[in-house]
Amino acid sequence: MSVCFFVPAHIVEHLARNARRLGLDADAARRTALASHALRRTRQATATGLEALTPARPGEGDRQIFDDDHRWATGVKQVRGEDDIPAPTTAAGAAFDALGVTRAFLREVLGRDSIDDAGMPLLADVNYGAKYGNAFWDGTRTVFGNGDDTVFRDFTADVGVCGHEVAHGLTQHTAGLDYTGQPGALNEAFSDIVAACVEQFAHRTDAGEHHWLIGEGVLADQWRGEAIRSMARPGAAYDNPVLGRDPQGAHMSAYVPGGAPHVNSGIVNRVFHLCATTLGSFPAVRIFYAALCDLWPRARFLDFAYVVSEQARLLARDGRVPRGAPHTVRSAFREVGIH
Ligand SMILES: [Zn+2]
């Protein structure tokens, strides 16, 4: 099982390389990069001796929030369970609320009972590491860093981050997509798709009003208007000396062979944006979710296009998505060169 990070390696490494020259907290940038390498190599040890408050009830999708107290370990101290009084810190409260919105989205929009569709408890850690500039899914839980407040703010500040990481769990429990090549890009794209839809669910908006940016809420104030990815315009999310330049392509002609999942996922993100702006975000995500449940670990873009089209046809036949869905989906894939 791979550890799936929110901020891609190309940004993390750019920051670590250029921190001093750019006047950033160089130690924080270097520690974030080192922690990412370590996490990739080995699953983080979970601290023992948990101080359990309300224990999670199996099968109820209960939330449990842990405060890692700025250590580089997860599960350090449980600070809030499903029925406990409000969490003691802002980050713990924000993580608890974000998990709640994500759980409600899964249930109400996708008809899914938590990550495994069997009420798996939802775990999250806050205050992980020291000024850690990232968030990740480690195979069992979502982990949020605080950021350094210059480049990134606390990663619980954007409900989309929680949606994105929980969706990695959902992919793990359905298609089980690999985390390299085209399956890896599909894995990342599905997490961004869920992130965008959870944000719209939380704000009661739809495709036409949504900004289609990913991670805009975790960038510090000076980067207003920029984001980590743009689903509507892959490659246009950011361009500045601190973060570098967004390397995503928006069409198969810009596909990077051997590129990291976060690079080639933009092409699939754009397919979803095209579908959502025609069908509405929630009908579109129902189709993509149904397709995910039919995919397999090494599925490629063309496989995905086929399965999405099939699901659009079946769901439209049953009146669960607009009648034009199969046509919309086919033209969206064609538009980005997947056909
Ligand atoms: Zn991801």
Side-chain angles (χ1 to χ4, degrees), residues 1-13 32-33 35-37 39-40 43-44 74 95 98-99 102 105-106 115 122-125 128 132-145 147 152 155-199 212-219 227-231 234 237-238 243 246-248 256 259-273 285 288-289 292 295 297 299 304:
M1 172 63 216
S2 303
V3 176
C4 304
F5 296 95
F6 187 76
V7 178
H10 53 256
I11 292 183
V12 170
E13 277 153 26
T32 294
S36 305
H37 285 303
L39 282 162
R40 270 195 201 92
R43 182 84 66 76
Q44 189 77 2
T74 54
L99 283 178
T102 303
F105 166 80
L106 295 181
I115 288 173
L122 292 160
L123 311 183
D125 286 53
Y128 174 82
Y132 179 58
N134 217 336
F136 59 90
W137 169 258
D138 78 348
T140 61
R141 56 177 68 228
T142 298
V143 182
F144 299 96
F152 297 114
F155 280 74
T156 58
D158 187 334
V159 70
V161 175
C162 181
H164 179 104
E165 299 306 336
V166 167
H168 278 305
L170 204 156
T171 297
Q172 181 186 329
H173 283 268
T174 52
L177 287 161
D178 285 356
Y179 204 66
T180 53
Q182 293 197 2
L186 290 172
N187 192 326
E188 267 309 316
F190 188 73
S191 275
D192 278 352
I193 289 165
V194 169
C197 290
V198 166
E199 283 189 37
W212 294 100
L213 298 173
I214 298 291
E216 80 295 342
V218 298
L219 288 177
I228 295 176
R229 291 179 286 280
S230 166
M231 297 180 71
Y238 61 88
L243 297 173
D246 182 0
Q248 284 202 324
V256 181
H262 284 114
V263 174
N264 289 317
S265 62
I267 300 168
V268 183
N269 280 352
R270 185 161 160 246
V271 173
F272 184 78
H273 173 258
V285 76
F288 278 59
Y289 164 67
L292 183 84
L295 278 188
F304 189 55

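Read the numbers this way: they start at 1 and go in the same order the structure lists the ligands and their atoms. All values derive from a computational prediction rather than experimental measurement.
Per residue Glu188, closest N, O or S atom to the Zn ion (ligand 1): atom name OE2.
Partner His168 forms a side chain to side chain contact (heavy atoms under 4.5 Å, CB included) with one of Tyr179, Phe6, Phe5 and no other, that one being Tyr179.
Donor-acceptor pairing under 3.5 Å is lacking for the side chains of His262 and Gln248.
The Zn ion (ligand 1) lies at the vertex of an angle of 100° between the NE2 atom of His168 and the NE2 atom of His164 (rounded to 10°).
Residue side and main chain included, Glu165 places no N/O/S atom under 2.8 Å of the Zn ion (ligand 1). Not one N, O or S atom of Cys4 sits under 2.8 Å from the Zn ion (ligand 1). Taking 2.8 Å as the criterion, His262 does not count as a coordinating residue of the Zn ion (ligand 1), since none of its N, O or S atoms falls below it.
Using a 30° and 60° split on the angle between ring planes, Phe152 and Phe155 fall in the tilted class, from 30° to 60°.
Nearest heavy-atom pair across Val194 and Gly163 is CG1-O, 3.6 Å.
With sequence neighbours excluded, the residues forming a side chain to side chain contact (heavy atoms under 4.5 Å, CB included) with Thr156 are Ala91, Ala94, Ala95, Val126, Phe144, Asp154, listed by chain and number.
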